[in-house]
Amino acid sequence: MISKEERHDFILVKIKKERKLAMVDLAAELGVSEHTVRRDLKELSDAGLLRAIRGGATLRSNMPFDIYDRNNLDVMEKQSIAEKSITLLKNHQVVFFDGGTTTQTIARNIPDSLTLTVVTHSLPIANILANSPNITLIFAGGTFCKSSLTVQGQQTISTFEDIYADISFIGVCSLDLHRGLTSRTHEEAAIKRVLCKNSMNIVAATTSNKLDTLASFLTCPISDISYLITEKDPFDRILQPYAAQGITIL
């Protein structure tokens, strides 16, 4: 009979490849009961190696928490995402920019010729756009968060609540087909929810390694997302389930 250690190794290898696993399928493949698989998934989830969900498991977000640790990750991929993202920008739009290293890269790629109003709570993005000749910059104040270089809290939320944007670029921690956009802290999720609520178009701009992963705090359901932009070809297999939900893939 296969040992617990062997089952755990099998599950971890399989979830890295497939990103999401169904308990019933695992039980059949391992030749054990669903009760045994449920116990295995709980142990692996408690160890932080995956996230147990109803009926199976999904990958945890493995994104470094501190923004300084993320600056040098996936640099070429973020540049590709930025080049696609700026095609959505038009003169005289009001644009929300969430915090994050991908949204910073998008901000760096905005042409000087574009006339925009940009609202952000990200200090790096405010610095990037501070001298842009045709951008009216609104900085949402609040309590400074050192790990993300953003400001947070009710003051920040109140600024975004008073503005309606044409488009919002959301920093993605985790994106799951069934559970939508999720964040790792309650404070981040609260701000992202307001950005989504007050935007005509919501853009999830993310490297593909954050797809089919799950964090703890809901930002918005998958049905709210207008565009999904990754470094991959829009017709890549991993993106097709998102396209089937009516999301435009770039």
Side-chain angles (χ1 to χ4, degrees), residues 67 81-82 84-110 114-130 132 134-145 148-176 179-206 210 215-229 242 245-250:
I67 196 167
I81 292 166
K84 295 179 186 181
S85 296
I86 62 172
T87 65
L88 299 175
L89 295 175
K90 311 296 180 188
N91 277 322
H92 309 299
Q93 287 178 324
V94 176
V95 184
F96 286 161
F97 268 93
D98 191 15
T101 55
T102 302
T103 49
Q104 288 175 34
T105 307
I106 297 170
R108 286 193 197 95
N109 281 267
I110 296 175
L114 271 180
T115 299
L116 302 170
T117 297
V118 170
V119 191
T120 188
H121 66 304
S122 164
L123 186 59
I125 290 175
N127 286 333
I128 289 166
L129 299 178
S132 298
N134 294 310
I135 289 180
T136 299
L137 181 63
I138 300 174
F139 187 70
T143 302
F144 185 63
C145 175
S148 65
L149 300 182
T150 62
V151 293
Q152 301 176 356
Q154 187 55 50
Q155 183 180 347
T156 312
I157 290 171
S158 295
T159 299
F160 285 114
E161 283 180 332
D162 290 339
I163 301 170
Y164 291 95
D166 297 289
I167 192 165
S168 180
F169 291 101
I170 303 297
V172 175
C173 169
S174 296
L175 178 59
D176 178 80
R179 289 165 176 78
L181 277 171
T182 51
S183 303
R184 292 202 298 195
T185 72
H186 182 267
E187 292 78 11
E188 285 184 357
I191 293 171
K192 293 175 192 289
R193 282 197 294 269
V194 176
L195 268 62
C196 293
K197 178 183 176 182
N198 281 16
S199 298
M200 288 288 292
N201 295 285
I202 298 169
V203 180
T206 178
K210 297 177 185 177
S216 298
F217 298 94
L218 177 66
T219 295
C220 74
I222 197 76
S223 57
D224 286 358
I225 298 171
S226 311
Y227 297 90
L228 173 58
I229 305 178
Y242 295 90
Q245 294 295 314
I247 301 172
T248 299
I249 311 295
L250 297 181

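In this text the structure is predicted, and so the values were computed from the model without any measurement. Note that these values count all heavy atoms, side chains included, but never hydrogens, waters or copies made by symmetry.
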### Task
Output yes when a side-chain donor or acceptor of Thr103 lies under 3.5 Å from a complementary backbone atom of Phe97, and no otherwise.
no
### Message
Is the shortest side-chain heavy-atom distance between Asn201 and Leu88 below 4.5 Å?
### Response
no
## Note on the structure
Nearest heavy-atom approach of Thr102 to Ala205 is CG2-O, 3.7 Å
### Message
Is it the case that the side chain of Asp166 and the backbone of Val94 share a donor-acceptor pair, with hydrogens and angles ignored and the cut-off at 3.5 Å?
### Response
yes
### Task
Determine, stepwise, if the pair Leu89 / Phe169 fulfils side chain to side chain contact (heavy atoms under 4.5 Å, CB included).
CA-CA 11 Å; Leu89 295 175; Phe169 291 101; 3.7 Å; yes
### Message
Measuring from atom CD1 of Ile110 to atom CD1 of Ile135, what distance do you get when rounded to the nearest 0.5 angstrom?
### Response
4.5 Å
#### Entry: Closest non-hydrogen atom pair, Ile247 against Ile225
CG1-O, 3.6 Å
### Task
Not counting sequence neighbours, which residues clear side-chain hydrogen bond (donor to acceptor under 3.5 Å, both in side chains) with Thr206? List them please.
none
### Query
Between the main-chain N or O of Glu188 and the side-chain N or O of Thr185, is there a donor-acceptor pair closer than 3.5 Å?
yes
#### Entry: Test side chain to side chain contact (heavy atoms under 4.5 Å, CB included) applied to Phe144 and Thr150, step by step
CA-CA 6 Å; Phe144 185 63; Thr150 62; over 6 Å; no
### Query
Out of curiosity, Cys196 SG to Asp224 CG, how far, rounded to the nearest 0.5 Å?
7.0 Å
### Message
Under a 3.5 Å distance rule, please check whether Arg179 uses its side chain to pair with a backbone N or O of Ala215 as donor and acceptor.
### Response
no
### Message
Quick one: does any side-chain atom of Lys192 pair with a main-chain N or O of Gly171 as donor and acceptor, under 3.5 Å?
### Response
yes
### Message
Can you give me the closest heavy-atom contact between Thr105 and Thr101, atom names plus distance?
### Response
OG1-O, 2.9 Å
## Note on the structure
Correct closest heavy-atom pair for Lys84 and Ile229 would be CB-CG2, 3.7 Å
### Message
Using side chain to side chain contact (heavy atoms under 4.5 Å, CB included), reason through Leu181 and Val172 one step at a time and then give a plain yes or no.
### Response
CA-CA 7 Å; Leu181 277 171; Val172 175; 3.7 Å; yes
### Closest non-hydrogen atom pair between Ile191 and Gln152, with its separation
CD1-CA, 3.7 Å
### Message
Which heavy atom of Thr156 sits nearest to which heavy atom of His121, and what is that distance?
### Response
CG2-CB, 3.6 Å
### Message
Could you walk me through whether Asn134 and Leu116 satisfy the side chain to side chain contact (heavy atoms under 4.5 Å, CB included) test, starting with their C-alpha distance in whole Å, then the side-chain angles of each, then the deciding distance to 0.1 Å, before giving a yes or no?
### Response
CA-CA 7 Å; Asn134 294 310; Leu116 302 170; over 6 Å; no
### Task
Give a yes or no on this: more than 12 heavy atoms of other residues, nucleotides or ligands lie within 6.0 Å of atom OH of Tyr164.
no
### Query
Looking at OH of Tyr227 and OG of Ser85, how far apart are the two atoms once the value is rounded to the nearest 0.5 Å?
11.0 Å
### Task
Would you indicate whether the side-chain heavy atoms of Thr159 and Phe139 approach each other to under 4.5 Å?
no
### Side-chain (Thr120) to main-chain (Ser122) donor-acceptor, under 3.5 angstrom
yes
### Distance (rounded to the nearest 0.5 Å) between Ser132 OG and Leu137 CG
8.5 Å
### Task
Could you tell me whether the side chain of Thr143 and the main chain of Val151 form a donor-acceptor pair under 3.5 Å?
no
### Query
Does the side chain of Val95 come within less than 4.5 Å of Thr117's, by heavy atoms?
no
### Task
Report the distance from atom CG of Leu195 to atom CD1 of Ile167, rounding to the nearest 0.5 Å.
12.0 Å
### Donor-acceptor pair, side chain of Thr115 and main chain of His92, under 3.5 angstrom
no
### Task
Go through the side-chain N and O atoms of Ser158 and Gln154 and say whether any donor and acceptor fall under 3.5 Å apart.
yes
### Query
Hey, what do you get for NZ (Lys210) to CG (Asp176), rounding to the nearest 0.5 Å?
15.0 Å
